[in-house]
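The structure appears below as structure tokens.
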Amino acid sequence: SHSHIYGSSGVYNTELNVASARGCTSTFIDTFIIGTIPEAGFNWLFATLGDNTRFSDTTASITGLVPSDFIDSLTWVFGDGSTPISGAVLDVDTVAHTYQNIGLYQPVLYVSTNNGCVDSVTTNVYILPKIEDYPYYQRFDDGTGGWVPNPNIVDNYWEWKNPDGQVIQHSDPNNKAWVTELDSIYQNSKDAWVYSPTFDFTSLEKPFLAFRYWSNSRVSDGAVIQYSTSTIDSLPNWTVLGGVNTGLNWYDVDNLVSQPGKQSGFEGFGWTEVNVAGWKVARHKLDELIGEPKVRFRIAFALSPGSISNDGFAFDDFFIGERQKRVLVESFTHVNDILYDQVQGNVYNRIDSNNLDVILVEYHNEIPTTGLPSNDAFNLFNPADPSARTLYYQFSETGKMVVDGNIKETTTNGLDLTWTTNDFNLAMLEDPIFNVAIDEFTVTGNTVNVSATIKARKPMPAKLRKVYVA
């Protein structure tokens, strides 16, 4: 017998010559085919518990030297002990499978040709829990809560453990968090991340997220949070959440060299400070995700080349819920003020996109700043309240804005204000000091009757506090 390895597919003629000791010879010629090995591939959709996870064959057509070569069968093995699905390509090129538990699975696709050539491909699919009830709060002390480091990154340096690094630490050894490798040197020039569960945002009206973090990294390294609403789990589109200072304690820079989360172009948003002081709380609006049924987050940390001596990054206490703060905007104006239309337009433009988070109160002053006639009908109908409020803030002219008790100015042309939409975004992310519920509201003639319940959200010193009704 003899063996031979052919370097490529094709149709070959093999000749066998046989000779006896007496000089008799015989020749046998046979034609046979060396088939083309296929290159198996597939995508998957909906890797969330309760969904039918769909698998689609993406194996390329055979382009070898044998015209008769073609892929004739597929076999799907789902990695959970269930019965495989096999059949002709057109019958099973797309299949659905329901996993019964969250966790890591390794489905395999076997691809066979009519000439008996076989290839296979496997990947890691993590079935995630689905979050539909809010508020969502994951402390990570008793488990990962369905959060998982990317299973397709070799030597992913994210760990779920008690932070015990040289800098990043928890005072209580029972408190756990997600951290980069604190007890060893993590690899440079690497980008790795942790996936969240899948969140259903169809029931939320004013969503925001918050979590604690500790950044202790070089100025070229850092972490970022991204989200995806894509249903193609094997090829999702990840979007950076926010920008520098678009939330509370939100990103330090936009030019990180390491570009965590595989940011493209010149983008490099992230947290990168060498913080030795302790944990911070980051908060950000999630209004762009309202109505989305399948949202996933990932927190990525990336490193640039070079020696590493910092702890890296850690996050803990992840929260998603409704914003509770209502921002009070008080506008002091006069209908005869020459800048009335411009200023009011600026006010409405800034609060329009935040109307669920803003309470607007307009006070019409007695005398406009420009010295025009004092015949504002709103002021004539109720001069006492605007007068009392301007006296409280110790000014009387128009063109003033007060946001949560902080006085803001207009410019001389009235077109720009010293406060922006982002000021609202930051203010509404803060925790309110009190919970206020109006129990009763009636109007009798010129008398307004209000009954309300006011409760402090945290312990406060015992003293009299004034309540204003507008």
Could you go through T113 and N115, starting from their C-alpha distance and side-chain angles, then the distance that decides it, and tell me whether this counts as side-chain hydrogen bond (donor to acceptor under 3.5 Å, both in side chains)? CA-CA 5 Å; T113 72; N115 287 312; 5.2 Å; no
Any side-chain hydrogen bond (donor to acceptor under 3.5 Å, both in side chains) involving residues 251-265? Give me the pairs, sequence neighbours left out, ordered by first then second residue. none
Under a 4.5 Å cut-off applied to non-hydrogen side-chain atoms, are Y157 and L303 in contact? yes
Taking the side chain as every heavy atom from C-beta outward, state whether V148 and L104 have any atom pair closer than 4.5 Å. no
How about F313 and S217: do any of their side-chain heavy atoms sit closer than 4.5 Å? no
Those residues that, when tested against T246, pass side-chain hydrogen bond (donor to acceptor under 3.5 Å, both in side chains) (two or more places apart): H284
Contact check, side chains of V95 and F78, non-hydrogen atoms, under 4.5 Å: yes
Would you please classify the geometry between the F319 ring and the F208 ring as parallel, tilted or perpendicular, with 30° and 60° separating the classes? tilted
Can you check whether Q100 reaches D80 side chain to side chain, under 4.5 Å on heavy atoms? no
K325 and side chain to side chain contact (heavy atoms under 4.5 Å, CB included): which partner among D404, L429, D357, I433? D404
Is K294 close to L128 at the side-chain level, that is, under 4.5 Å between some pair of heavy atoms? no
If you look at every heavy atom in G261 and Q226, which pair is closest and at what distance? O-NE2, 3.1 Å
Ring centres of Y6 and Y12 under 6.0 Å apart? yes
Looking at side-chain heavy atoms only, is the closest gap between P197 and Y136 below 4.5 Å? yes
Apply the ring-ring contact (aromatic ring centres under 6.0 Å, His included) test between W76 and each candidate in W44, Y110, F42; give the one that qualifies. F42
Is there side-chain contact between W250 and W271, with heavy atoms separated by less than 4.5 Å? yes
Hey, does the side chain of E322 reach the backbone of K206 with a donor-acceptor pair shorter than 3.5 angstrom? yes
Please verify the inter-ring angle class for Y227 with F297; under 30° counts as parallel, over 60° as perpendicular, anything in between as tilted. perpendicular
